[in-house]
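Notes follow once the structure below has been shown.
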There are 2 protein chains.
Amino acid sequence: MTQTTTQNSAEEPFILEEFIPFKLAVLSDAVSKLIARDYSDRFGITIAEWRVMALVSQYDEVRAQTVVEKTPMDKVAVSRAVASLVDKGLLEKRTSQADRRSALLHLSAKGNTIATDIQAVAKVHNDDVLQALTTTEQAVLHAILDKLIVQARNLTQ
Amino acid sequence: MTQTTTQNSAEEPFILEEFIPFKLAVLSDAVSKLIARDYSDRFGITIAEWRVMALVSQYDEVRAQTVVEKTPMDKVAVSRAVASLVDKGLLEKRTSQADRRSALLHLSAKGNTIATDIQAVAKVHNDDVLQALTTTEQAVLHAILDKLIVQARNLTQ
DNA sequence: CGGTATTGGTTGCAAATGTAACGAAAATGA
DNA sequence: TCATTTTCGTTACATTTGCAACCAATACCG
């Protein structure tokens, strides 16, 4: 851990609500709950399932490992989301010819339709949240979040 | 839900990684895991427990309900964190004379010492993360997060 | 008052999540 | 080429979390 505290920091009162990790948790939690409820009500899927669908939709065909790399989900979470989506008939798995350990995921016709619907809803959610900001602020936010995500990854070795 | 999508949004490809709710989840998750591991290793407490300690330390004496209002934790989570802290001898509960349903929380001597230590560590974590940003960006981030937290609360009715 | 509703917090149970172990396939390398 | 290690994904088990029911105390209101 890097030492970057100022020397007079001990004198400043400690205010939890002003800590970035806390603020991020508060915000992310609020937004996630909002969205999770909506996706569950409208489409009967979880956020984890939605992430898998979104990635499969984007890349057309992905392996579970790819989902693990691109989301904050571990392989168990992905495995379970995939199983559930297959169960619901939204996703199909076919074993890769190149590597028979891994399965290639792709959306079923039904899955494709629903993915399109959710994408529209997701965009509305995104816009709803961002409505509180000016266009400039939105751009700055994106840039800052990108930097911080990189930083967080660096701090995790 | 407010309709704010632009009319040509259907033509833009959908990219999960660029959605603010997703970015926030990725970042918050990474930062939280980083911190959770550290607090657990160094002090043997969870983030939930740390939040309770921080608030009790700040306000000197609080009720469980106050913790619920100021954090993204529900009353069950707070109840359990409090029970665990009492168990560890870091927190004390005394029933309020004004309302004997509620308990007033305050730190034990040991709890106070540890709280001070964690506050220092928390500041370092905060600074470590923010190191990726300029001073201006840090200020902008705070302002934007505040706006978004308000917005998220408004969207949840 | 006296009954009903509300609030503060805990507990029990079910669902979700994380960790570790696992089997199957592929990569490594002696 | 055969033994060993690594990778892919699943499964089993333990822990955590969330929801609903709950008890106790207060507030509300006829």
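Everything numeric in this text was worked out from a predicted model, so none of it was measured. Residue numbers begin at 1 in each chain, while the letters A, B, ... track the order of the sequences.
We find that NZ of A/K75 is positioned 9 Å from P of D/dG9, with the value rounded to whole Å. Spacing between atom CG of B/D74 and atom P of D/dA20 amounts to 12 Å, rounded to whole angstrom units. Rounded to whole angstrom, the span from the CD atom of B/Q97 across to the P atom of D/dA25 amounts to 13 Å. Across the protein-nucleic acid pair, B/R80 atom CZ and D/dT16 atom P stand 10 Å apart, rounded to whole Å. Computed from coordinates, the A/R94 CZ to D/dC8 P distance equals 20 Å when rounded to whole Å. Straight-line distance from the CZ atom of A/R37 to the P atom of D/dC19: 9 Å, rounded to whole Å. Taking atom NZ on A/K93 and atom P on D/dC8, their separation rounds to 15 Å, with Å as the unit.
For the residue pair A/S57 / A/Q119, a side-chain donor-acceptor distance below 3.5 Å is found, with atom types taken as modelled.
Scanning for ring-ring contact (aromatic ring centres under 6.0 Å, His included) contacts around A/F19 gives A/F14, with sequence neighbours left out.
Computed from C1' positions of five pairs at each end, the angle between the two local axes of the helix from C/dC1-D/dG30 to C/dA30-D/dT1 equals 20°, rounded to 10 degrees.
Considering only side-chain atoms of B/V76, the nucleotide from D/dC8, D/dA25, D/dA20 that sits closest is D/dA20. Of the candidate nucleotides D/dT26, D/dT11, D/dC8, D/dC8 has the atom nearest to the side chain of A/R101.
Side-chain heavy atoms closer than 4.5 Å link hydrophobic residues (I, L, V, M, F, W, Y) into clusters, and following such links, even through other members, never connects B/V76 to B/V68. Both B/Y59 and B/V67 belong to a common hydrophobic cluster when Ile, Leu, Val, Met, Phe, Trp and Tyr are linked at side-chain heavy-atom distances under 4.5 angstrom.
Within a 6.0 Å sphere centred on CD of A/Q97, heavy atoms belonging to other residues, nucleotides or ligands number 12 at most.
Mapped onto DNA chain D by nearest heavy atom, B/D99 and A/V82 fall at different nucleotides, with A/V82 at the one closer to the 5' end.
A pairwise comparison of heavy atoms in B/H106 and B/D60 identifies CB-O, 3.7 Å as the closest pair. Among all heavy-atom pairs drawn from B/I45 and B/M53, the shortest one is CD1-SD, 4.0 Å.
Remark: A/S79 is in phosphate contact with D/dT10, judged by side-chain N or O atoms under 4.0 Å from OP1 or OP2.
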- Item | Verdict with supporting geometry, B/D41 and B/R37, salt bridge (charged side-chain N to carboxylate O under 4.0 Å, His left out) | CA-CA 6 Å; B/D41 291 348; B/R37 198 170 313 123; over 6 Å; no
- Query: Can you check salt bridge (charged side-chain N to carboxylate O under 4.0 Å, His left out) on A/D146 and B/K23, steps first, answer last?
  - Reply: CA-CA 8 Å; A/D146 289 344; B/K23 273 194 187 180; 2.8 Å; yes
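Using a 4.0 Å heavy-atom criterion, one finds that A/R63 contacts the sugar-phosphate atoms exclusively. Here B/A83 lies out of heavy-atom contact (under 4.0 Å) with every strand. Counting any heavy atom pair closer than 4.0 Å across all strands shown, B/K33 reaches no nucleic acid atom.
Nucleotides of DNA chain C lying under 4.0 Å from heavy atoms of chain A occupy a range whose first and last members, 5' to 3', are C/dT17 to C/dA26.
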